[in-house]
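Worksheet: the structure to be examined is printed underneath.
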There are 2 protein chains.
Amino acid sequence: MEETPSCRVETALEILTGKWKPSILLELITHDTLRFSELKRNLPNITQKMLTAQLRELELNDIVHREIYQVVPPRVEYSLTDYGKTLIPVLNAINAWGEKHVEHLAQKDMLQDTTPTLASSTSDSF
Amino acid sequence: MEETPSCRVETALEILTGKWKPSILLELITHDTLRFSELKRNLPNITQKMLTAQLRELELNDIVHREIYQVVPPRVEYSLTDYGKTLIPVLNAINAWGEKHVEHLAQKDMLQDTTPTLASSTSDSF
DNA sequence: CGGAATCCAGCTTGATACTG
DNA sequence: CAGTATCAAGCTGGATTCCG
């Protein structure tokens with residue numbers, strides 16, 4: 001019964017959605033392993049609260065691994081799980097479409113602010 | 001410089017994100033062309049306001065086409081644009097990952113409510 | 001250092017009513 | 001039929017403070 005091919009889209013989207021999840025994932029993809037403070041530093045506009053919350057959600061979904069070193073000062077490292085790495089091709093597909101979309105909007109002379117986030121995301125590095 | 005492969009992910013995600021966008025897209029993918037009232041009927045929990053708003057956004061992004069028939073009573077039909085159809089493989093990729101994810105969670109015995117939406121989405125058909 | 005807890009502003013969504 | 005307008009509720013994300 002291959003009925004509704006979109007139901008799981010929402011399931012998957014919930015994992016990727018959230019203002020900072022893509023950025024966090026990107027960091028972990030490109031840097032492999034990062035400490036909490038490193039993530040925080042690389043994502044200058046995120047608050048601890050949000051970084052913690054997003055990481056927890058990703059951890060609950062078995063996308064990221066949280067390694068705690070019992071030392072003082074505390075040291076916690078985050079990395080993608082093997083399973084989390086299966087998201088990479090998906091993110092690439094989404095990213096590729098996103099690039100085409102930007103071009104498409106330019107071609108269509110749709111220069112209006114159709115994607116307000118581009119304006120609000122003063123986040124710099126990505 | 002294949003630096004940040006995620007920047008456009010957010011651009012793309014904005015288009016797919018929104019409580020009802022995936023459902024609307026699915027409807028238009030599987031039914032090709034639908035009237036406003038048909039969409040409304042197939043998405044029982046959506047309000048006119050939200051349906052209108054989401055369709056407007058998709059229209060602004062050139063994902064859906066809005067065809068107005070000047071008759072009484074009014075008749076408005078929605079369909080995917082050719083460009084909007086380029087989203088289909090992306091949605092399929094996301095959906096495929098979503099399916100694997102559900103299986104993965106089951107295997108991991110992660111039977112906790114990691115995706116709260118499953119509880120809140122009392123929407124039925126999808 | 002890596003959080004947790006609290007409080008709060010704003011946007012998103014929903015309910016309801018009205019219209020051409 | 002296909003919306004628009006208005007108002008209320010809820011959730012998301014941000015600022016701040018405190019803790020082991």
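Order of the sequence lines fixes the chain letters, A, B, ..., with proteins taken first and strands second; residue numbering starts at 1 for each chain.
- For the pair A/Glu38 CD and C/dG3 P, the interatomic distance rounds to 13 Å; values are reported in whole Å.
- Here A/Ser37 pairs with A/Arg35 under the side chain to side chain contact (heavy atoms under 4.5 Å, CB included) rule; sequence neighbours left out.
- If you chain together ILVMFWY residues whose side-chain heavy atoms come under 4.5 Å of each other, B/Val71 ends up grouped with B/Tyr69.
- Between A/Tyr83 and the choices B/His104, B/His101, B/Gln107, the side chain to side chain donor-acceptor pair (under 3.5 Å) rule is met once, by B/His101.
- A donor-acceptor contact under 3.5 angstrom links the side chains of A/Glu10 and B/Ser23, judged on distance only.
- Rounded to a whole Å, the CG atom of A/Leu55 is 17 Å from the P atom of C/dC1.
- At a threshold of 4.0 angstrom between heavy atoms, the contacts of A/Tyr78 are confined to the sugar-phosphate backbone, with no base atom among them.
- Rounded to whole angstrom, the span from the CZ atom of A/Arg75 across to the C1' atom of D/dG20 amounts to 19 Å.
- A sub-4.0 Å separation between OP1 or OP2 of C/dC1 and a side-chain N or O of A/Arg35 is absent.
- The side chain of A/Ser37 sits closest to C/dG2 out of C/dG2, D/dA2, C/dG3.
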Base-contact (B) and sugar-phosphate-only (S) positions in nucleotides 13-20 of chain C, heavy-atom cut-off under 4.0 Å, - elsewhere
BBB----B
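- Spacing between atom CD of B/Glu77 and atom C1' of D/dG3 amounts to 16 Å, rounded to whole angstrom units.
- What separates CG of B/Leu51 from C1' of D/dG3 is a distance of 10 Å, to the nearest Å.
- Through direct or indirect side-chain contacts shorter than 4.5 Å among Ile, Leu, Val, Met, Phe, Trp and Tyr, A/Val102 is connected to no other residue.
- Atoms CD (A/Glu59) and C1' (C/dG2) sit 13 Å apart, rounded to a whole Å.
- The shortest distance between the side-chain N/O atoms of A/Arg66 and the OP1/OP2 oxygens of C/dG3 is below 4.0 Å.
- Grouping Ile, Leu, Val, Met, Phe, Trp and Tyr by side-chain contacts under 4.5 Å, direct or through others, leaves B/Val72 on its own.
- We find that CD of B/Glu14 is positioned 15 Å from C1' of C/dT12, with the value rounded to whole Å.
- Screening residues 63-77 of chain B for salt bridge (charged side-chain N to carboxylate O under 4.0 Å, His left out) gives B/Arg75-B/Glu77 as the qualifying pairs, with residues at least two apart or on separate chains.
- At the heavy-atom level, B/Arg56 lies under 4.0 Å from the strands shown only through sugar-phosphate atoms.
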